Amino acid sequence: MKAQVLHKYDPEMKQDIWVKEEEVPNPKIEKASDVIVKIGAAGVCRTDLHVIEGEWRHIQDPDDKLLPCVMGHENAGWIEDVGSDVEGFKKGDSVILHPIISGTNGTCLSCRKGLDTHAENGSMPGLNIKEGGYSELLKTSVRNLIKIPNTLTPKDVAPFSDAGLTAYRVAKKATRHLLPGENCVIIGAGGLGHIAIQCLKAMCAANIIIVEKSETALKHAMPLGGDHGVLIDGNEVERVKELTKGNGAEAVIDMVGEKGSTSMGLNMTKNTGSYYIVGYGEDIKIKSVDMIISERNIIGNLIGTWSELYELMELANKDLVRLSMQEYKLSEANQASHDLKNVKVRGRAALVPYTSLFSDLFRSKACRIKAG
Ligand code: ZN
């Protein structure tokens, strides 16, 4: 099969070619619970850029054995083959793949509690295992599969398996306490932000304030559910304060996490409110005495659980959440990665190895944007 293979890290991110298209052996069923999926689409994620950069090398590849590696952890497609213990799934079924492969096949305490992201010895395709979705076929486990509702195609949903799931989980956490009349700030309306806005809109009646540095991204995001848009121009904290009667918002969701967004986000958080950190890059700095006086919560967020991915599929099935997606062929993996790095991707980018089935053309719901 064809796959796009990463052979060496590029800490400077200056190379034109990061991955190379190669012919590699097809994956094979080894365990009775294994499933081979024909990739319908594989999301190209900012995390993949960090993989190329080697930023996670000390965590994901301490022994220097990961490369060569096929990236791609946001995968959806059609079942090609199943192991002898697999029930309820058959060849041809459309599925989305939860990105965390449990090291215990689901028998550890975290998995039993449904906390897939904290599974013992958990791994992610294309991140700390060599096989990922930038390819025609991928092996996974039956416990990672969710059937895609038949109103949707793999291309409509692939980036939901990580980016969308992360946005959904954090929005869900915020909707657990946000009441009508209260406020939720979302910092960053790009790949994750545009999904979180729709999830919030679908699940609660709080006012949504979108804080964004790009005028174009803000314009694109507002119709998805924004009540107010605030451009980052140096006065953004004051603007949010004005919109929240001087108090700040009950929930602030920070999709950026770098270049000063953490202090900005904390300054927008109301006393007793919650600041949710999703994007990463800088340290969060706050005096302990300020934490005590303000009684603010700082909450970390890591992807989401299998059942939350199921819930997100239900929102997508009801057409309450749609992805903006820029489509690339598998052979255009380098182009897609550079476009993402150069902020030329609106919404999410995905590699699509096969041309659409005729029937899928009528089903597809994602808001498609032509690449380039
Ligand atoms: Zn991702």
Side-chain angles (χ1 to χ4, degrees), residues 46 117 163-214 217-218 221-222 224-304 308:
R46 197 151 284 279
T117 35
L165 180 54
T166 305
Y168 173 75
R169 178 172 170 83
V170 68
K172 179 179 158 186
K173 281 186 191 174
T175 61
R176 289 298 177 265
H177 65 84
L178 281 168
L179 299 170
E182 294 187 338
N183 298 287
C184 182
V185 165
I186 297 190
I187 302 173
L192 269 76
H194 88 281
I195 303 168
I197 293 161
Q198 298 174 71
C199 294
L200 279 165
K201 194 74 190 164
M203 297 196 293
C204 84
N207 301 313
I208 299 171
I209 304 171
I210 305 170
V211 175
E212 171 51 62
K213 72 172 192 307
S214 147
L218 187 59
M222 282 302 287
L224 300 174
D227 293 290
H228 305 281
V230 173
L231 201 62
I232 299 179
D233 60 0
N235 298 313
E236 59 280 352
V237 175
E238 290 70 24
R239 281 286 294 132
V240 168
K241 289 277 173 75
E242 274 167 33
L243 292 166
T244 55
K245 299 181 182 147
N247 297 319
E250 283 78 6
V252 174
I253 299 174
D254 186 352
M255 301 299 192
V256 180
E258 58 179 0
K259 296 178 184 154
S261 80
T262 57
S263 62
M264 176 175 90
L266 279 166
N267 288 333
M268 292 171 175
T269 309
K270 187 181 177 174
N271 285 359
T272 74
S274 293
Y275 168 75
Y276 296 91
I277 181 75
V278 182
Y280 57 89
E282 67 185 17
D283 293 344
I284 298 173
K285 288 189 183 135
I286 181 163
K287 285 190 173 137
S288 46
V289 66
D290 289 346
M291 280 293 284
I292 290 162
I293 291 169
S294 65
E295 284 201 311
R296 282 171 292 177
N297 307 300
I298 298 177
I299 299 168
N301 301 275
L302 178 66
I303 321 180
E308 284 167 340

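Treat the numbers as computed from the prediction; the structure is a model and nothing was measured.
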Going by atom type alone, with no hydrogens or angles, which donor-acceptor pairs under 3.5 Å involve a side-chain atom of residues 181-203 and a protein atom two or more places apart or on another chain?
unit_1 : atom_1 : unit_2 : atom_2 : d
Glu182 : OE1    : Leu179 : N      : 3.0
Asn183 : OD1    : Asn207 : ND2    : 3.1
His194 : ND1    : Gly190 : O      : 3.0
His194 : ND1    : Gly191 : O      : 3.1
His194 : NE2    : Ser324 : N      : 3.0
Gln198 : OE1    : Arg322 : N      : 2.7
Gln198 : NE2    : His194 : O      : 2.9
Gln198 : NE2    : Arg322 : O      : 2.8

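Put simply, the side chain of Asp290 never gets that close to the backbone of Ile286: no donor and acceptor are under 3.5 Å apart. Side chain of Asp227 to main chain of Ile208: a donor-acceptor pair is present (N/O by atom type, distance under 3.5 Å, no hydrogens or angles).
Here Ile293 contributes atom CD1 and Arg296 contributes atom CZ; the two are 10.0 Å apart, rounded to the nearest 0.5 Å. Here Ser294 contributes atom OG and Leu266 contributes atom CG; the two are 8.5 Å apart, rounded to the nearest 0.5 Å. One finds the NZ atom of Lys245 at 15.5 Å from the NZ atom of Lys241 (value rounded to the nearest 0.5 Å). One finds the CD1 atom of Ile284 at 8.0 Å from the CD atom of Glu282 (value rounded to the nearest 0.5 Å). For the atom pair OH (Tyr280) and CZ (Arg46), the distance works out to 9.5 Å, reported to the nearest 0.5 Å.
Partners of Lys172 according to the salt bridge (charged side-chain N to carboxylate O under 4.0 Å, His left out) rule, which considers only residues two or more places apart in sequence or in another chain, are Glu308, Glu311. Under the salt bridge (charged side-chain N to carboxylate O under 4.0 Å, His left out) criterion, Glu242 pairs with Arg239, sequence neighbours left out.
The minimum heavy-atom distance between Ala171 and Ile253, with the atom names listed, is CA-CD1, 4.4 Å. When all heavy atoms of Gly260 and Ser263 are compared, the closest pair comes out as O-OG, 3.3 Å. Smallest separation of non-hydrogen atoms from Ala251 and Tyr276: CB-CE1, 4.1 Å. Counting all heavy atoms, side chain and backbone alike, Glu236 lies closest to Leu231 at CB-O, 4.0 Å. Across all non-hydrogen atoms, the minimal contact from Met255 to Val170 is CE-CG1, 4.1 Å. Closest approach of Gly229 and Leu218 over heavy atoms only: CA-CD1, 3.9 Å.
Within the 4.5 Å cutoff, side-chain heavy atoms of Ser274 are placed close to those of His177. Side chains of Val256 and Lys213 form no contact here, defined as non-hydrogen atoms less than 4.5 Å apart. Residues Val230 and Ile209 have side chains in contact (heavy-atom distance under 4.5 Å, counting atoms from C-beta outward). Side-chain contact check for His228 versus Ile210: every heavy-atom pair is 4.5 Å or farther apart. Under the 4.5 Å side-chain criterion, counting only non-hydrogen atoms from C-beta, Val211 is in contact with Met268.
For the residue pair Asn301/Lys173, the side-chain donor-acceptor check at 3.5 Å is satisfied.
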Steps toward side-chain contact (heavy atoms from CB on, under 4.5 Å) verdict (Met264, Ile232): CA-CA 10 Å; Met264 176 175 90; Ile232 299 179; 3.8 Å; yes

Check against side-chain contact (heavy atoms from CB on, under 4.5 Å), Thr272 and Glu250: CA-CA 7 Å; Thr272 74; Glu250 283 78 6; over 6 Å; no

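The residue from Thr269, Asn297, Asp254 that alone fulfils the side chain to side chain donor-acceptor pair (under 3.5 Å) condition with Tyr275 is Asp254.
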